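The model shown is predicted, which means the values in this text are computed figures rather than measured ones.
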Amino acid sequence: YKVGDWKLTGGDFYKEVGRGIALSLRKGDEVSADTSLLGSEVAYSNRSQALSLFGGVTNQASLDPVERYTTEWKKDQVAGFTYELRSLGSFKVGTHGVFFQPEEPNGKPDDLYRSMVGGVTLEGIEVTEWMSFYSEVNVQSLSRDKTIGNIVSSTKFQNYAGYATADFTFGDTLILTEALILGGEQTEGVGDGGGWELFGSPNTGSSYSDSSYSPFDYARPPTLQRLQDEVADKMNVMGSRVRVEHYIEDYDLTLYVNGL
């Protein structure tokens with residue numbers, strides 16, 4: 001429902017914050033087990049600024065398209081906000097925050113697990129005639145309260161993530177640069193076991209063990225790699241990529257070189 005600069009969304013919808021490091025609930029291909037947010041969002045947007053408040057529970061695809069098994073609904077709580085200032089000429093400055101709490105972390109009802117992510121973004125669109133850029137920095141706080149009898153033990157960790165990309169255009173030549181870093185403290189027993197936590201819930205929809213299927217990840221950081229070259233570890237990563245391409249108009253031909 002939209003009135004003027006305001007927009008209200010309710011029901012099932014997809015939501016991505018930044019470049020997917022803080023939160024990425026988006027549509028995959030037709031056969032993937034994607035996850036949406038069942039809840040609501042209030043958004044305000046005009047030329048000078050944009051604000052969004054959202055919250056709800058996750059809603060995973062309920063059917064494994066290969067084995068025809070229904071998945072167990074993981075009603076994990078997700079809430080957050082985004083804000084972007086657009087009145088700075090070619091620049092946009094933003095901030096965001098995401099809170100996540102699973103229904104039953106790792107299938108253990110006696111555990112209380114929480115993740116809070118805060119971040120800032122800076123984007124420059126055509127800062128010069130030949131350059132644009134985007135950068136993002138995030139900090140993640142993980143906490144786990146484990147109950148054993150009448151004793152509650154608390155564990156807390158801090159993780160960090162950063163991503164930056166810039167493209168340079170010189171006539172028919174384009175240069176694209178990217179850099180990514182994900183890391184932090186060892187999170188064994190709290191999340192996935194070290195580095196930037198993708199949070200999410202295990203996929204219990206298959207007839208095999210949970211470990212044989214990829215979990216429902218609610219964060220999808222940029223990988224810098226092609227899909228066929230992706231690595232499984234997306235929690236402790238540091239790297240960069242440079243791609244240079246040149247278009248030859250007379251032959252409608254593009255030549256490029258890519259280094260990772």
Side-chain angles (χ1 to χ4, degrees), residues 2 5 7 13-36 43 45-50 52 65 82-96 119-138 161-183 196 198 214 217 219-260:
K2 188 173 182 180
D5 296 331
K7 181 179 179 181
F13 60 95
Y14 298 104
K15 185 65 180 180
E16 186 166 74
V17 175
R19 293 296 172 91
I21 298 176
L23 180 68
S24 181
L25 302 178
R26 56 183 172 84
K27 174 67 176 175
D29 54 59
E30 293 301 319
V31 297
S32 63
D34 64 344
T35 303
S36 62
S45 177
N46 59 25
R47 292 185 177 181
S48 61
Q49 59 185 337
S52 170
T82 63
Y83 176 78
E84 185 177 68
L85 182 62
R86 302 171 173 174
S87 58
L88 302 175
S90 299
F91 298 95
K92 295 180 180 180
V93 179
T95 183
H96 56 258
V120 294
T121 62
L122 176 61
E123 183 176 7
I125 303 175
E126 296 184 351
V127 179
T128 67
E129 293 182 355
W130 47 271
M131 183 186 75
S132 296
F133 72 88
Y134 173 88
S135 60
E136 179 179 344
V137 177
N138 292 276
Y163 174 75
T165 180
D167 58 81
F168 308 87
T169 304
F170 305 99
D172 293 328
T173 301
L174 172 66
I175 302 175
L176 172 66
T177 62
E178 287 184 290
L180 173 69
I181 181 170
L182 304 172
W196 186 260
L198 304 179
S214 298
D217 290 332
R220 300 177 185 179
T223 64
L224 308 185
Q225 301 145 311
R226 298 177 301 174
L227 289 176
Q228 60 265 39
D229 297 330
E230 264 189 29
V231 294
D233 183 6
K234 299 177 183 178
M235 297 174 291
N236 280 294
V237 178
M238 181 172 64
S240 59
R241 181 171 79 99
V242 177
R243 175 188 171 103
V244 180
E245 66 177 53
H246 181 74
Y247 177 65
I248 304 176
E249 184 177 4
D250 294 341
Y251 299 95
D252 193 21
L253 178 67
T254 300
L255 304 175
Y256 74 89
V257 60
N258 187 71
L260 179 65

Distance in Å, Leu23 CG paired with Asn138 CG, rounded so as to fall on 0.5 Å steps: 11.0 Å
To the closest 0.5 Å, what do you measure between CZ (Phe168) and CZ (Phe133)? 10.0 Å
Donor on one side chain, acceptor on other, Tyr247 and Glu245, under 3.5 Å: no
Between Pro222 and Leu180 the two heavy atoms that sit nearest each other are O-CD2, 2.8 Å
Please enumerate all residues that pass side-chain contact (heavy atoms from CB on, under 4.5 Å) together with Ser132, with sequence neighbours excluded. Glu126, Asp167
Are any of the side-chain heavy atoms of Glu178 and Tyr163 separated by less than 4.5 Å? yes
Partner residues of Glu123 under the salt bridge (charged side-chain N to carboxylate O under 4.0 Å, His left out) criterion, sequence neighbours left out: none
Test side chain to side chain contact (heavy atoms under 4.5 Å, CB included) applied to Ile21 and Glu136, step by step: CA-CA 9 Å; Ile21 298 176; Glu136 179 179 344; 4.0 Å; yes
Could you go step by step and tell me if Tyr256 and Val244 meet the side chain to side chain contact (heavy atoms under 4.5 Å, CB included) rule? CA-CA 5 Å; Tyr256 74 89; Val244 180; over 6 Å; no
What closest approach, in Å, do Arg86 and Ser45 show between heavy atoms, and which atom pair accounts for it? NH1-OG, 3.1 Å
Residue list, side-chain contact (heavy atoms from CB on, under 4.5 Å) with Asn46, at least two apart or on another chain: Asp5, Tyr44, Ser48, Gln49
Please collect all salt bridge (Lys or Arg N to Asp or Glu O under 4.0 Å) contacts where either partner lies in residues 13-25, sequence neighbours excluded, each pair once. Lys15-Glu41, Glu16-Arg26
Would you sort out whether Ile125 and Lys92 count as a side chain to side chain contact (heavy atoms under 4.5 Å, CB included), showing the intermediate values? CA-CA 8 Å; Ile125 303 175; Lys92 295 180 180 180; 3.9 Å; yes
Would you list the pairs meeting salt bridge (Lys or Arg N to Asp or Glu O under 4.0 Å) in which at least one residue belongs to residues 246-260, sequence neighbours left out? none
Using side-chain heavy atoms (C-beta onward) and a distance below 4.5 Å, is Ser135 in contact with Val137? no
For Phe170, all residues meeting ring pair (Phe, Tyr, Trp, His ring centres under 6.0 Å), sequence neighbours excluded: Trp130
Donor-acceptor contact present, side-chain Thr254 to main-chain Ile248, <3.5 Å: no
About how many Å separate OG of Ser52 and CD of Glu84, when rounded to the nearest 0.5 Å? 11.5 Å
Are the side chain of Thr165 and the backbone N or O of Thr177 linked by a donor-acceptor pair below 3.5 Å? yes
Derivation and outcome, side chain to side chain contact (heavy atoms under 4.5 Å, CB included), residues Thr121 and Tyr134: CA-CA 7 Å; Thr121 62; Tyr134 173 88; 3.3 Å; yes
Roughly how far, to the nearest 0.5 Å, is CZ of Arg243 from CG of Leu174? 8.0 Å
If you define the side chain from C-beta out and look only at heavy atoms, does anything of Leu176 sit under 4.5 Å from Arg241? yes
Value for NE2 (His246) from OG1 (Thr173), rounded to nearest 0.5 Å, stands at 5.0 Å
What one should report as the nearest heavy-atom pair of Leu25 and Tyr14 is O-CB, 3.0 Å
